[in-house]
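Below is one structure; the comments refer to it alone.
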Amino acid sequence: MSLKYKIPRGTYDILPEDSQFWYKLMNKFRELCRLYNYHEIVTPIFEQADLFERSVGDSSDIVEKEMYKFQDKKGRVFALRPEGTASVVRSFIENNLGRQSSITRVYYSGPMFRYDRPQKGRFRQFYQYGVEHFGSEDPFVDAEVISLANMFLTKLGLKNFRLELNSLGCRDCSPLYDQALVNYYSSLKTDLCPDCQQRLTKNPKRLLDCKVDSCRNYAREAPSILDYLDENCRRDFELVQKYLTDQGIEFIVNPRIVRGLDYYVKTAFEFTTDALGSQNTLCGGGRYDGLVEDLGGDKTPGIGFAGGFERLIEIMKIENIGFNESSEKSIYLVLLGDQARAQAAGILHELRTNGIKVDFDITKTSIKAQMKSADKAMTNYSLIIGDEELARKTVILKDMSTGEQQIIQKKELVSTLIPLVQQ
RNA sequence: GUGGCUGUAGUUCAGUUGGUAGAGCACAGGAUUGUGGCUCCUGGCGUCGUGGGUUCAAGUCCCAUCAGCCACCCCA
C-alpha cells in the first residue's frame, strides 16, 4: 500500500495498545513528585525563540542546529521547546512564583522537539519528565533532587543504571579551568581529531568527552576540573556527595561529564545505562544558579533534571518490566437475531449507567463469530440474548473460563453482574 | 550535517543467472442450521517505499529521492 500521508520523520504514534503504559509511567512520576512536594507546571510547547537562545546558549548544538524555529503571521519568531527548563524559568519569573515562599518546587512532563537525526533513543518529538527547584543554594537540595530522580528509576524497577556526578565549577572558577584546558591542548592541536580542534575554541570541556582513541589518551592526562574548583565549590561538591551517601545512593564521580546546556554550574549529574546503545543517558540535570537572573528575574538559585520517557520504556522492555494489568473483569454482549439486536442500546445503557464495562461486536451476527470475538477479547463473562431469552425475559450468563452458564432474570442482570465485576 | 545497512501482502520474511510474486502468523468464513479456546478446510488481482533510467522485458541492474534501523555528532 502506498500511503498518501506519513508521520513526520523522527516522530511516532503512541498507539491505543501502548497508551495505557505511557499513562501509567507518567502517573508514577506524578505520584513520586507529589511525595517530594513538587507541583505540576504546564507551559506552552512553543516560546519566543530567543528565550532558548539565551538560556540554553547560542553556541550549543541545540540552538545552532536543532531548534524548530518559525515565524507567526506577525513575524514574531518562536521555537518549539527543545527542553523544559527555559520555559519553566520564564514562567517562574513572569508569574512571580517565588513570592509565596523562599522555595518553589515544580515538575513537568510533555513533548520536546529537536531537529536531530533520529536513531535509537533519539527522536524529533520526544517526551520528557523533569523537575525544577528554585530558591536554595544548599547542596542538600542537590542531593534531594538527585534522590528524586534515583527514586523514580528505582521504583520503576530499573536495575542497570548508575549515577555519575561532577561539579562544573561556578562562574568564577569554571573559566579558569577552561583556560587550563586550552593551555594543555593547544600544543597538541595538530594531533587532535577535527572535531576536537573545533571544541578547543567552542567548548573546551567537550574535549574530555571525545571517543577517538588518540584524543582519549590526551584526555586522560588533561587537567581535572576537580583541581580547579574554588573553595566554595569544592566544599559544596563534597557536601552533595555526603548527603547522597547518607541516603545510601551510590554514585561515581566523573570529572569528564559535561552537560550540553550552557546554563549549568556546579553540580552536574547523569543517570546512565549500558543497555541502550549510544544514547545512554536516562536523565540528567544540574544546577543553574545564574539562569533566573540572566532571563530577567531576581537572583535566584535553581537546580533540576529532565529525562526521556522513550528511553525508560525501551529499557523497561529490555528488562521485561511491566505494570500489572488491571484485574477488572469484562463483560461481552452476544446478541442473536434482529429482535435482540434492537434491545442492544437499552442493555448497554443500563450496564454502563451502573458502571459495568461492556464490549460487543455489532458487525458479527452468528453466535459462533460473536463467541470467537468474546474469546479473543479475553472477556470474563458473556451475556447471551436470543429470541428464547427475549420471550422469557432472561439472559444467559456464561463464565468464559469454566464454560458454565446460568439463566438469570433480566431485571436481576445488574445486581448479578456487579459483584462479579467488582471482585 | 556525515557514514553503513535496509524498504515485497495486516505482520514477519522468501523471491534463485532480470521474464510482470509466494510462505508462516494474523485476519475472515465454514466443518448437521443458538455457543469460544484445539484440529481441519477455504480465502491474497499486493501501483514489490516513491520518481526516473537501462532493457524486447526489472521486485531483481543504475541514479535520485523519501523513510526506517545503527553509528558519528549531540543528548533525553
Side-chain angles (χ1 to χ4, degrees), chain A residues 1-12 56 59-66 81-85 109-130 149 153 193-196 198-199 202-203 206 209-212 257-261 264 268 270-273 276-285 305-315 332 334-337 340 361 363-390 396-405:
Chain A
M1 182 172 39
S2 173
L3 297 170
K4 192 168 181 186
Y5 299 108
K6 296 209 290 188
I7 194 167
R9 183 164 202 203
T11 67
Y12 57 92
V56 172
S59 69
S60 72
D61 274 36
I62 289 178
V63 166
E64 263 188 358
K65 54 179 198 187
E66 295 172 8
R81 61 183 183 189
E83 58 106 32
T85 301
S109 67
M112 306 292 165
F113 305 84
R114 268 137 73 168
Y115 191 89
D116 253 6
R117 185 120 168 208
Q119 71 178 77
K120 190 183 184 72
R122 194 168 76 184
F123 303 89
R124 288 184 173 179
Q125 173 172 340
F126 56 102
Y127 290 79
Q128 281 195 333
Y129 54 91
L153 300 180
C193 72
D195 284 334
C196 279
Q198 291 282 315
R199 292 177 178 121
K202 217 172 102 182
N203 191 341
R206 288 222 172 282
D209 220 17
C210 187
K211 287 169 187 163
V212 176
I257 69 171
V258 184
R259 308 248 61 236
L261 283 42
Y264 284 119
E270 287 178 4
F271 285 87
T272 57
T273 173
L276 294 182
S278 166
Q279 307 300 316
N280 63 352
T281 305
L282 284 173
C283 68
F305 73 82
F309 278 120
E310 290 82 358
R311 291 179 189 178
L312 289 182
I313 284 171
E314 187 67 26
I315 199 169
Y332 204 96
V334 175
L335 299 164
L336 304 172
D361 186 345
T363 66
K364 300 208 169 61
T365 51
S366 76
I367 185 167
K368 190 187 194 95
Q370 292 186 72
M371 289 306 290
K372 274 192 177 181
S373 296
D375 187 58
K376 205 164 45 186
M378 306 264 275
T379 197
N380 298 96
Y381 299 97
S382 45
L383 298 176
I384 304 168
I385 302 173
D387 291 338
E388 267 180 51
E389 288 70 33
L390 277 180
I396 295 174
L397 172 63
K398 176 165 184 167
D399 183 326
M400 295 298 279
S401 57
T402 64
E404 288 168 14
Q405 50 187 51

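Nothing here was measured: the structure is a model prediction, and the numbers come from that model. Chain letters run A, B, ... following the sequence lines, proteins first and then strands; every chain starts at 1.
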F126(A) to E310(A) - nearest heavy-atom pair and separation: CA-OE2, 3.1 Å
Rounded distance in Å - CG (D399(A)) to C1' (rG37(B)): 13 Å
Sugar-phosphate, base or nothing in reach of R199(A), heavy atoms under 4.0 Å: sugar-phosphate
Length of the OH-C1' vector between Y264(A) and rA76(B), whole Å: 10 Å
Sugar-phosphate only, base, or nothing, as touched by R114(A) at under 4.0 Å among non-hydrogen atoms: base
Rounded distance (Å) that lies between atom C1' of rC74(B) and atom CD of E270(A): 11 Å
Rounded distance in Å - CD1 (I385(A)) to C1' (rG34(B)): 13 Å
Sugar-phosphate only, base, or nothing, as touched by Q370(A) at under 4.0 Å among non-hydrogen atoms: nothing
rA76(B) pyrimidine/purine six-ring stacking with F126(A), under 5.5 Å and 30°: yes
Distance below 4.0 Å between Q119(A) side-chain N/O and rC69(B) OP1 or OP2: no
Sugar-phosphate only, base, or nothing, as touched by G121(A) at under 4.0 Å among non-hydrogen atoms: base
Residues R114(A), E83(A): salt bridge by 4.0 Å N-O rule: no
Options rG68(B), rA28(B), rC74(B), nucleotide nearest the side-chain atoms of D61(A): rC74(B)
Spacing of D116(A) atom CG relative to rC73(B) atom P, expressed in whole Å: 13 Å
Position toward the 5' end of RNA chain B (nearest nucleotide), Q405(A) or N280(A): Q405(A)
Sugar-phosphate, base or nothing in reach of L312(A), heavy atoms under 4.0 Å: nothing
Touch class at under 4.0 angstrom, heavy-atom based, for E314(A) against every strand present: nothing
rC61(B) - base-pair partner by Watson-Crick or wobble geometry, distances under 3.5 Å: rG53(B)
